**Q** 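Next up is a structure, given as structure tokens.
Letters go in sequence order (proteins before strands), and every chain restarts at 1. All of these numbers come straight from a predicted model, not from anything done at the bench.
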Number of protein chains: 2
Amino acid sequence: MPRNRRPQDREEKREEILAVAQRLFIDDGYESTSMGRIAKHAGVTVNTIYWYFRDKDDLLIAVLDRLLTEALAQYATIADRPLNERLLWAVDQLERLHGLVNTVHTRAAASPAVHAWHTGFHELAETLIADDLRKAGAAEADLPAMIAIGTFVIEGLLTHRRDEAGKRAVIDLLVHRLTTTPTRT
Amino acid sequence: MPRNRRPQDREEKREEILAVAQRLFIDDGYESTSMGRIAKHAGVTVNTIYWYFRDKDDLLIAVLDRLLTEALAQYATIADRPLNERLLWAVDQLERLHGLVNTVHTRAAASPAVHAWHTGFHELAETLIADDLRKAGAAEADLPAMIAIGTFVIEGLLTHRRDEAGKRAVIDLLVHRLTTTPTRT
DNA sequence: ACCTGAACACCGTTCAAGT
DNA sequence: ACCTGAACACCGTTCAAGT
């Protein structure tokens with residue numbers, strides 16, 4: 001059974017470790033997943049992981065990039081739907097990653113690399129939300145605060161789960177209140 | 001130098017360990033603070049800590065209760081100020097605890113005791129916010145979604161720091177949009 | 001270039017023993 | 001009741017050595 005030569009092999013093996021790490025990080029959590037268990041599931045020794053990744057945080061970042069790429073590709077599929085539908089869809093998709101959201105926040109305090117990833121992610125998310133709010137006719141002066149509120153509510157929905165009706169109520173109210181002009185009562 | 005007898009002593013020592021743990025958890029983070037370092041700073045052996053607290057999560061919960069009690073006492077001081085001022089004040093006060101906010105979310109996944117504390121805390125926070133929104137004349141049907149949005153935005157402000165003007169802009173916009181009736185543009 | 005066995009320093013927690 | 005010294009099982013990471 002002949003195997004491919006070098007550069008091909010390398011990517012394959014890296015991908016295999018990455019796939020194992022992703023599954024364990026999502027299912028069991030980053031903290032509960034030891035390098036030893038990842039190695040065992042991938043059929044290698046711990047040291048081998050360190051040949052492909054600098055450390056456990058580097059492995060985390062690789063997993064996050066993998067998930068982000070996948071999520072963006074799927075997001076392109078529904079880019080034409082109304083804002084609230086898209087937000088609900090995003091929350092539904094990302095909900096299973098709620099453990100990783102916390103992990104990123106926690107590790108960002110200790111790892112500069114994770115911190116940088118977190119910053120980059122927020123910049124990306126804010127760009128996407130800003131586009132939407134502008135199209136909905138939001139006042140330019142209110143944009144930064146609106147973006148923050150939008151981001152925080154989505155993050156909150158990911159980390160504090162509720163049922164489908166609850167999620168929809170929060171998102172619909174949010175979108176309604178942010179995209180209509182208020183009048184004094 | 002005669003010391004007090006038993007029950008007094010016990011509380012004192014427990015408090016001392018607690019005070020040390022609180023300072024280290026806040027300054028260096030929960031993960032970076034080992035039981036060994038807490039013991040050293042408190043002038044005892046690690047095992048002694050386990051005489052007063054079940055485990056590290058139990059110590060965390062005791063610290064959280066200590067901080068919550070203190071925060072509620074201070075909050076009573078400004079209970080008559082307008083909603084947005086009170087929210088800004090709360091964020092300013094709790095900002096230094098942003099590491100613990102993440103810690104609670106992370107540990108809640110692994111420790112049922114921390115999970116229970118987190119649930120209780122949210123119930124308390126939601127009660128406070130609900131009172132305010134009712135007084136501001138919010139429609140009863142919108143309350144749950146509004147409470148969620150308010151909670152998530154406060155939590156977001158604690159974990160994603162910005163300058164004083166940024167915080168004020170987010171809170172003012174939030175309060176304005178939640179406490180006025182929207183009309184179609 | 002790639003992988004391993006064995007070690008290192010550290011972690012939270014426990015136990016048997018002391019007073 | 002309170003506290004300790006010593007150990008336990010585990011952790012992320014590294015090193016010297018192999019191919």
**Q** Rounded to whole angstroms, how far apart are CD on B/Glu16 and C1' on D/dC3?
**A**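 Rounded to the whole Å, the gap is 14 Å.
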**Q** Measure across B/Leu24 and B/Thr33 and return the closest heavy-atom pair with its distance rounded to 0.1 Å.
**A**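 Result for this residue pair: O-OG1, 3.3 Å.
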**Q** C/dG12 P sits how many Å from B/Asp58 CG, rounded?
**A**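 Taking CG of B/Asp58 and P of C/dG12, I get 15 Å after rounding.
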**Q** Answer yes or no: does a side-chain N or O of B/Thr48 lie under 4.0 Å from OP1 or OP2 of D/dT4?
**A**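 For D/dT4, OP1/OP2 do have a side-chain N/O of B/Thr48 under 4.0 Å.
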**Q** Considering every strand and a 4.0 Å limit on heavy-atom distances, what is the contact class for A/Tyr52: base, sugar-phosphate, or nothing?
**A**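 Sugar-phosphate only.
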**Q** Would you please enumerate the stems DNA chain D participates in, each stem being three or more consecutive Watson-Crick or G-U wobble pairs with both distances under 3.5 Å?
**A**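 Ordered by first number, the stems with DNA chain D (at least 3 consecutive pairs each) read C:4-8 with D:12-16, C:12-16 with D:4-8.
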**Q** Do the charged groups of B/Glu15 and B/Arg66 touch, with an N to O distance under 4.0 Å?
**A**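 Between B/Arg66 and B/Glu15 there is a salt bridge, with a charged N closer than 4.0 Å to a carboxylate O.
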**Q** Determine: side-chain N/O of B/Lys13 to OP1/OP2 of D/dC3, distance under 4.0 Å, yes or no.
**A**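 Checking D/dC3 against B/Lys13, a side-chain N or O does come within under 4.0 Å of OP1 or OP2.
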**Q** Let me know the distance between CG of B/Asn47 and P of C/dA16, rounded to the nearest Å.
**A**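 Atom CG in B/Asn47 sits about 13 Å away from atom P in C/dA16.
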**Q** May I ask you to say what A/Ser32 touches in the nucleic acid, namely base, sugar-phosphate or nothing, with a heavy-atom cut-off under 4.0 Å?
**A**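 No contact at all - A/Ser32 keeps every heavy atom at 4.0 Å or more from the nucleic acid.
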**Q** Would you name the heavy atoms of B/Asp57 and B/Ser111 that are closest together and state the gap between them?
**A**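 The answer is OD2-CB, 3.5 Å.
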**Q** Check whether NZ of the Lys or CZ of the Arg B/Lys56 lies under 6.0 Å from the centre of the six-membered ring of B/Tyr30 and within 45 degrees of that ring's axis.
**A**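 B/Lys56 over B/Tyr30 ring: yes.
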**Q** If you go through the side-chain atoms of A/Asp9, does one of them form a donor-acceptor pair with the base of C/dA1 closer than 3.5 Å?
**A**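 Looking at the base of C/dA1, it does not pair with any donor or acceptor on the side chain of A/Asp9 (distance under 3.5 Å).
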**Q** Nearest to the A/Val46 side chain among D/dC15, C/dT13, D/dT13, which nucleotide is it?
**A**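 The listed nucleotide nearest to A/Val46's side chain is D/dT13.
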**Q** How long is the line joining CE of A/Met35 and P of D/dG12, in whole Å?
**A**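 Rounding to the nearest Å, CE of A/Met35 and P of D/dG12 are 7 Å apart.
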**Q** Taking CD1 from A/Ile38 and C1' from D/dC11, how many angstroms apart are they, rounded to a whole number?
**A**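 Atom CD1 in A/Ile38 sits about 12 Å away from atom C1' in D/dC11.
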**Q** Please confirm whether A/His105 and B/His105 have ring centers closer than 6.0 angstrom.
**A**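 They do not qualify: ring centres at least 6.0 Å apart.
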**Q** Taking 4.0 angstrom as the limit, do B/Lys13 and B/Glu16 come out as a salt bridge?
**A**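 The answer is no: the pair does not qualify as a salt bridge.
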**Q** If you assign each of B/Arg37 and A/Val44 to its closest nucleotide in DNA chain C, which residue comes earlier from the 5' end?
**A**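 By nearest-heavy-atom nucleotide position, the 5'-most residue is A/Val44.
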**Q** Report yes if a side-chain nitrogen or oxygen of A/Arg10 is closer than 4.0 Å to either non-bridging phosphate oxygen (OP1 or OP2) of C/dC2; otherwise report no.
**A**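 It does, given that an N or O in the side chain of A/Arg10 lies less than 4.0 Å from OP1 or OP2 of C/dC2.
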**Q** Around atom CZ of A/Arg54, are there more than 12 heavy atoms from other residues, nucleotides or ligands closer than 6.0 Å?
**A**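 Open: at most 12 neighbouring heavy atoms sit under 6.0 Å from CZ of A/Arg54.
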**Q** Looking at A/Phe121, I'd like to know if its CZ atom is crowded, meaning that more than 12 non-hydrogen atoms belonging to other residues, nucleotides or ligands lie closer than 6.0 Å.
**A**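 No, not enclosed.
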**Q** Give a yes/no answer on whether the side chain of B/Trp51 brings an N or O atom under 4.0 Å of OP1 or OP2 in D/dC2.
**A**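 So the side-chain polar atoms of B/Trp51 do come within 4.0 Å of the phosphate oxygens OP1 or OP2 of D/dC2, strictly under.
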**Q** Can you measure A/Glu31 atom CD to D/dC10 atom P for me and round it to whole angstrom units?
**A**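 Going from CD in A/Glu31 over to P in D/dC10 covers 17 Å.
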**Q** What integer distance in Å separates B/Asp55:CG from C/dT14:P?
**A**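 Rounded to the whole Å, the gap is 8 Å.
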**Q** When the distance from NZ of A/Lys40 to C1' of D/dC11 is rounded to whole Å, what number comes out?
**A**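 My rounded result for the distance is 14 Å.
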**Q** Within the pair A/Thr45 and C/dC3, is there a side-chain N or O less than 4.0 Å away from OP1 or OP2?
**A**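 Checking C/dC3 against A/Thr45, no side-chain N or O comes under 4.0 Å of OP1 or OP2.
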